[in-house]
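Remarks on the structure that follows.
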2 protein chains.
Amino acid sequence: MSDIVPKKLETSEDKVNFINSFDTFLFDCDGVIWHASTVLEGVREVLHTLKKMGKRVIYVTNNSSKSRATYLKKFQNLDLPATIDDIFSSAVAAAFYVKHFVNIKDDEKIYVVGGEGICRELEEQGVHWCGSDLDNKPISEEEFTEIQPDPKVKAVMFGFDVNINYRKFARAFTYLNSNPDCLFLATNTDMTYPTKYLLFPGTGSLINTLIAGTKRTPTILGKPTTNMMDCIIQKFNLDRSRTCMVGDRLITDIAFGKNSNLTTLLVLTGVTTEEAMNESKDIKPDYYISSLGDLHA
Amino acid sequence: MSDIVPKKLETSEDKVNFINSFDTFLFDCDGVIWHASTVLEGVREVLHTLKKMGKRVIYVTNNSSKSRATYLKKFQNLDLPATIDDIFSSAVAAAFYVKHFVNIKDDEKIYVVGGEGICRELEEQGVHWCGSDLDNKPISEEEFTEIQPDPKVKAVMFGFDVNINYRKFARAFTYLNSNPDCLFLATNTDMTYPTKYLLFPGTGSLINTLIAGTKRTPTILGKPTTNMMDCIIQKFNLDRSRTCMVGDRLITDIAFGKNSNLTTLLVLTGVTTEEAMNESKDIKPDYYISSLGDLHA
C-alpha cells in the first residue's frame with residue numbers, strides 16, 4: 001500500500017521547480033515520446049530544452065529487438081536529440097548482466113530468442129551467441145532430430161521476437177529442460193507490445209510458452225527490475241536523488257523508478273489512465289502530468 | 001485421493017479375464033502403440049488379435065495436426081489394423097463441438113492455429129475456417145496494421161502447430177482481445193509433444209502465450225475432458241461399462257477414462273513410470289501392464 005498522493009504538475013512554477021530538482025531524466029519511449037513513429041505534441045521541444053539546460057537525458061526501453069544503432073536512426077529521423085550513449089535498452093542491460101554476472105567461458109554461448117538488438121549488445125561484450133535470426137526458418141517434423149541438448153549453451157536469453165517459431169521454442173525448451181545449469185534469462189516481461197493501433201502479445205506473453213513447458217522461472221533483466229537500474233546507475237554514474245524516471249505505465253516504468261528509490265513522473269499519453277493511477281494501491285508516481293509536451297508550457 | 005489399488009496384469013488368466021470384460025478398447029497412440037514411427041514390440045499382434053476376437057478398437061489421440069486420412073496412412077504403413085472410422089483425434093472432437101455446441105452462422109468462421117487436421121474436420125462439419133497454413137508466412141512489423149479485429153471470427157481454435165509464428169499469435173490475440181464473444185477453444189493442453197528422442201513443447205505450452213496475454217481461459221476439447229469422451233460415446237454408441245481406456249499418461253489418458261467412468265489400463269512404455277503411478281494421489285488406473293505387447297502372452 002502506497003501512501004504517496006501524486007502531485008499534478010500544472011502551473012509554470014510547479015514545472016520549473018520539478019525540472020530544477022533533477023540533473024538526469026530517464027524516459028520510457030513508447031507512449032511518452034512517441035506512439036509508434038509519431039512524436040507526441042510538444043515533446044521534441046521539451047527534450048531539446050532539457051538538453052540545452054544541461055540535463056542528462058537517457059532513453060530507457062524494454063524493446064530489445066532493435067540495436068542501439070538502429071534505434072538512434074529513429075531518433076534522428078524524428079529530429080529528437082540523442083546520441084548512441086543516450087539509449088539504454090533491455091538488450092544492453094541483458095548483455096551487461098551476462099558479461100558481469102554470468103560466469104561464461106570462451107567456448108560457451110547464449111541461445112538467443114529475439115532480434116538483432118540482443119545479438120549486437122552481446123557481441124559488444126564479447127559474448128558468443130547462437131539462434132536469433134539464424135533460426136528464422138520454420139522447422140518440419142523431419143528436422144526435429146536435429147535439435148539436441150548442448151551443454152555449451154550457458155543460458156537462454158528470451159526477448160521480443162517477431163520471427164518467433166517452433167524451431168526457437170523447441171531449441172530453447174531443450175536447452176533448459178536438459179540442463180538445470182542452463183540459465184533462463186529474459187529481457188522483460190511486458191505482456192503486450194504496442195503497435196500503431198493495437199496491442200499485440202509482448203515478450204511477457206510469448207515467454208509463457210517456455211515457463212509453462214519447463215516449469216522454470218526466468219530472471220528478468222529489463223524494467224521494472226533493479227537489475228536494469230543498477231546497470232544504468234553504474235554506467236552513467238548517476239545520483240539517485242537527482243534522477244527522475246518518466247513513463248506511461250505504472251507496472252513497468254513507475255515501479256521501475258520506485259524499486260530503485262528514484263522520483264517518478266507519470267505521463268497520461270500511454271497505457272495508464274488518471275483513473276487507473278488513482279485506483280492503484282501499490283504503485284503511485286510522485287508526480288503526474290497530462291503529457292510530456294505539457295512540461296514546456 | 002483415489003482408493004484404487006492398480007492391479008497388475010501378469011498371468012495368462014489375468015489377461016484373458018481382462019480382455020473378456022470389454023467389447024471396446026480406446027487406445028492412446030504415442031507411448032502405447034508406437035514411439036514416433038516405431039511400433040512397440042508385440043503391439044501389432046495384440047491389435048490384430050483383438051480385432052479377430054470381434055473387439056472394437058478405437059485410436060484416440062490428442063494430436064490434431066494431421067487429418068484422419070493422413071493418420072490412417074501411418075497405420076497402414078506400419079501394418080496396424082485400422083479404418084478411418086477407428087481414428088478419433090482431438091481435431092474430430094473439436095469440429096464436432098463447434099458444429100453441435102457453438103451457434104455459428106453461415107457467414108462466420110473459426111480462426112485456426114494448428115495444422116490440416118483441424119481444418120479438414122471443420123470442413124467435414126461444413127464449418128468455415130481461416131488461418132492455419134494460410135498464415136504460415138512470418139510477419140514483419142510493417143505488416144502489423146493488416147491485423148484488425150473481425151467480428152465474424154466466432155472462435156479461435158488452438159491446436160499443435162509446428163508452423164506457429166507471430167502472425168498467428170497476433171491474429172488470435174486480436175480476435176480474443178477485441179471481442180469477448182469470440183470463443184477460445186483448444187484441442188488439448190498436453191504440455192509436451194513427444195518426438196523420436198526428446199519431448200518438445202506441446203499445445204498446452206504454446207497456448208500459454210495467449211492465456212497470459214488475453215487473461216482468458218480456453219475450453220479444452222481433447223483428452224482428458226468429458227467433452228471428447230461424450231463425443232466418442234455418442235458417435236460409436238458405446239456401453240461405458242464394457243469400454244476400457246488404455247494409455248501411458250496418468251494426467252491425460254487415465255484421467256480421461258476416470259473422468260467418464262470407464263475402466264482404465266496404464267502401460268509403462270511411455271511417460272508415466274510405475275513409481276510415478278504409485279506416488280500419484282489423485283489418479284490411479286484400474287489395471288497396469290509393462291507394455292501393451294505383453295497382453296498377447
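Proteins come first, then strands; the chains are lettered A, B, ... in the order of their sequence lines, and each starts at number 1. Scope of the values below: all heavy atoms of this structure, side chains included, with no hydrogens, waters or symmetry mates.
Residues A:Asn163 and B:Tyr166 fail the side-chain proximity criterion, which asks for heavy atoms closer than 4.5 Å. Side-chain contact check for B:Val162 versus A:Ile139: some heavy-atom pair is nearer than 4.5 Å.
Neither the backbone nor the side chain of A:Ile211 comes within contact range of chain B; no heavy atoms are under 4.5 Å apart. Proximity to chain B is limited to the side chain of A:Lys215, based on heavy atoms less than 4.5 angstrom apart.
Among residue pairs with one or both ends in residues 159-169 of chain B, those qualifying as salt bridge (Lys or Arg N to Asp or Glu O under 4.0 Å) are B:Glu143-B:Arg167, B:Asp161-B:Lys168; sequence neighbours excluded. Residues in residues 27-37 of chain A take part in these side chain to side chain donor-acceptor pair (under 3.5 Å) pairs, two or more places apart or across chains: A:Asp28-A:Lys223.
Within residues 191-201 of chain A, the residues having any heavy atom under 4.5 Å from a heavy atom of chain B are, by residue number, A:Met191, A:Thr192, A:Tyr193, A:Thr195, A:Lys196, A:Tyr197, A:Leu198, A:Leu199, A:Phe200, A:Pro201.
Contact count versus chain B (heavy atoms, under 4.5 Å) is highest, among A:Asn136, A:Thr214, A:Ile147, A:Ile207, for A:Ile147. Between chain A and the options B:Thr145, B:Asn165, B:Ile164, the largest number of non-hydrogen pairs under 4.5 Å is found for B:Ile164. If you tally non-hydrogen atom pairs under 4.5 Å between each of B:Arg171, B:Gln148, B:Glu141 and chain A, the highest count goes to B:Glu141.
Counting non-hydrogen atoms of neighbouring residues, nucleotides and ligands closer than 6.0 angstrom, the CD atom of B:Gln76 exceeds 12 such neighbours. More than 12 heavy atoms of other residues, nucleotides or ligands shown are found within 6.0 angstrom of CD on B:Glu274.
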Let me check something: any side-chain donor-acceptor pairs from residues 150-160 of chain B under 3.5 Å, sequence neighbours excluded? List them with distances.
residue: B:Asp150; atom: OD1; partner: B:Lys152; partner atom: N; Å: 2.8
residue: B:Asp150; atom: OD2; partner: B:Lys109; partner atom: NZ; Å: 3.3
residue: B:Lys152; atom: NZ; partner: B:Asp107; partner atom: OD2; Å: 2.6

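Under 3.5 Å, the side chains of B:Thr209 and A:Ser205 contain no donor-acceptor pair of N or O atoms.
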